[in-house]
Amino acid sequence: MKYPNFTKEHKSLMAKYLSKEVFEELKDLKTPNGFTLERAIKSGVDNPDSGIGVYAGDIESYTVFGALLDPIIEEYHGFLKSDIHKSNLNPDDLNAPNLDLKNEYIVSTRIRVGRNLADFPLGPAISKEQRDEVEKIVSSALNSLEGSLEGRYFPLLGMSEEDRLSLVQDHFLFKAGDRFLESAGLNRNWPNGRGIYHNNEKTFLVWINEEDELRIISMQKGGDIKEVFSRLAQAIKELEKMMKFAFSKHLGYITSCPTNLGTAMRASVHIALPKLAKDMEKFKAITDKYHLQIRGVHGEHSQSEGGIYDISNKRRLGVTEVQCVQDMYDGVKALIEYEKALCD
Ligand code: ADP
Ligand code: ILO
């Protein structure tokens with residue numbers, strides 16, 4: 001493998017930290033699952049507009065390719081090699097009374113975590129047989145859930161195009177054909193092994209074998225952030241009784257993208273901020289202050305529609321789950337106050 005031909009367009013943290021020296025040190029290394037530097041960086045090399053540009057194939061990638069990944073993790077999360085991750089999923093520790101009782105601003109709330117099974121490689125390095133096995137283990141565990149989490153697993157294989165598109169359009173299901181995931185090897189054997197579980201109300205959902213082996217999601221209309229968090233915490237507890245997730249003391253929950261390490265949590269609202277949206281500089285200043293990220297209404301790499309934005313926590317590692325949600329809550333509170341104060 002030769003040193004990549006980075007252009008001025010390559011803006012990712014991978015391109016920033018993959019110096020010729022680091023490349024020489026890592027280029028011939030392999031993890032126990034046979035994952036290489038070439039595969040780890042392919043997404044960022046193929047897609048110059050990547051922000052991060054690197055994926056892990058297994059938990060060991062984070063140590064074997066540490067010379068590249070440590071500085072990326074440090075810059076993205078502000079988290080040092082000597083730091084220890086902490087977890088707190090207790091909803092009682094969250095201070096989040098409903099911010100929008102009249103439903104004027106918050107359209108919906110969603111909180112998700114990524115998880116991967118401890119005994120399998122991550123998606124970029126998994127074989128078809130292993131992926132199918134993950135689907136079997138996770139879907140049968142989910143199918144045994146009871147009460148408000150009870151639901152059904154819908155594999156992508158055999159799903160009609162109409163049903164798939166409507167689940168995507170309604171924000172329940174992941175999109176197909178993401179070019180970042182494609183280059184990372186995460187779309188291999190599509191649609192085999194992929195699918196979605198949801199309860200009847202579609203307030204508790206699990207994606208199987210997308211970017212991570214599980215994306216555990218709690219969502220509902222409106223702005224009751226605490227209720228959404230409580231449901232997620234309960235679901236995680238139930239699933240932990242039935243499977244062991246990849247976890248390290250240092251990095252918390254292990255995910256294929258370094259941005260998701262730690263809590264692997266993204267807590268978001270879809271929120272209407274039409275006035276603030278006319279002053280993007282101010283909007284960005286507030287979101288930066290509260291450690292928030294702005295996305296479009298159809299997820300990452302999409303645009304806003306009708307002045308509605310997806311606002312979520314940016315920090316995920318070195319902060320607890322409660323803090324992730326609190327970041328989002330505090331920032332959304334400030335955004336609503338600014339929006340209210342602006343004249344038409
Ligand atoms: P992820 O959050 O899983 O990293 P995306 O940003 O691609 O991935 O979002 C996945 C889907 O979840 C998209 O369809 C997006 O519109 C939807 N979504 C995210 N936040 C919310 C929300 N607060 N309410 C409704 N749908 C949401
Ligand atoms: N690989 C993409 C996405 C990075 C962060 N988002 C997700 C979904 N992991 C990039 O480098 O921009």
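Note that this is a predicted model, so its numbers are computed, not measured. Indexing begins at 1, ligand by ligand and atom by atom, following the structure's order. Every heavy atom of this structure was used, including side-chain atoms; hydrogens, water molecules and symmetry mates were not.
Short contacts between ligand 1 and His298, defined as distances under 4.0 Å to a heavy atom of the residue, involve ligand atoms 16 (O). The contact set between ligand 1 and Val297, taken as ligand atoms under 4.0 Å from a residue heavy atom, comprises 16 (O). Near Met219, the atoms of ligand 1 lying under 4.0 angstrom from a non-hydrogen atom of the residue are 25 (C), 26 (N).
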Open item on the list: Run the ring pair (Phe, Tyr, Trp, His ring centres under 6.0 Å) test on His250 and Tyr62 for me, step by step, so that the C-alpha distance in whole Å, both residues' side-chain angles and the decisive distance to 0.1 Å come before the verdict.
Closed with: CA-CA 11 Å; His250 170 49; Tyr62 285 103; 9.3 Å; no
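In this structure, CG in Leu69 is found 10.5 Å from CG in Leu13, a value given to the nearest 0.5 Å.
Remark: minimum distance from atom 20 (N) of ligand 1 to any protein heavy atom is reached at Ser268 OG, 2.7 Å. Taking atom 18 (N) of ligand 1 as the reference point, the nearest protein heavy-atom neighbour is Arg110 CD, 3.4 Å. Of all protein heavy atoms, the one closest to atom 6 (O) of ligand 1 is Arg295 NH1, 2.6 Å. Considering only non-hydrogen protein atoms, atom 25 (C) of ligand 1 sits nearest to Ser108 OG, 3.1 Å.
Looking at Asn143 and Ser139, their side chains never bring a donor and an acceptor atom within 3.5 Å of each other. Between Asn189 and Arg131, the side chains place a donor N or O and an acceptor N or O closer than 3.5 Å (distance only, hydrogens not considered). Between the side chains of Arg231 and Gln220, at least one donor-acceptor pair of N or O atoms lies under 3.5 Å.
Aromatic ring orientation, Phe283 versus Tyr309: perpendicular (interplanar angle above 60°, classes split at 30° and 60°). Ring orientation note: the planes of Tyr3 and Phe23 are nearly perpendicular, at an angle over 60° on the 30°/60° scale.
The residue among Glu211, Arg112, Glu210 with a heavy atom at the shortest distance from atom 4 (O) of ligand 1 is Arg112.
Using a non-hydrogen distance threshold of 4.0 Å, Phe174 does not register as a contact of ligand 1.
When non-hydrogen atoms are compared, ligand 1 lies under 4.0 Å from the side chain of Arg266 (C-beta onward) but not from its backbone. At a heavy-atom cutoff of 4.0 Å, ligand 1 is contacted by the side chain of Arg215 but not by its backbone. Contacts of Val269 with ligand 1, taken as heavy-atom pairs under 4.0 Å, involve the backbone alone.
Ile208 has its side chain out of reach of Ile196: every pair of non-hydrogen atoms, C-beta onward, lies at least 4.5 Å apart. Side-chain contact check for Asn116 versus Phe245: every heavy-atom pair is 4.5 Å or farther apart.
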Which N or O atoms of ligand 2 sit under 3.5 Å from a protein N or O, and how far apart is each pair?
residue: ligand 2; atom: 1 (N); partner: Tyr55; partner atom: OH; Å: 2.8
residue: ligand 2; atom: 6 (N); partner: Glu300; partner atom: OE1; Å: 2.8
residue: ligand 2; atom: 6 (N); partner: Glu300; partner atom: OE2; Å: 3.0
residue: ligand 2; atom: 9 (N); partner: Glu211; partner atom: OE1; Å: 3.3
residue: ligand 2; atom: 9 (N); partner: Glu211; partner atom: OE2; Å: 2.9
residue: ligand 2; atom: 11 (O); partner: Gly51; partner atom: N; Å: 3.2
residue: ligand 2; atom: 11 (O); partner: Ile52; partner atom: N; Å: 2.8
residue: ligand 2; atom: 11 (O); partner: Gly53; partner atom: N; Å: 2.9
residue: ligand 2; atom: 12 (O); partner: Gly51; partner atom: N; Å: 2.8

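In terms of polar-atom proximity, defined here as any N/O pair under 3.5 Å, Trp207 makes no such contact with ligand 1.
Not counting sequence neighbours, Asn95 has no partner by the side chain to side chain donor-acceptor pair (under 3.5 Å) test.
For the salt bridge (Lys or Arg N to Asp or Glu O under 4.0 Å) with Arg266, the lone residue among Asp327, Asp310, Asp212 that qualifies is Asp310.
With Arg316 contributing its side chain and Met265 its backbone, the two residues share a donor-acceptor pair below 3.5 Å.
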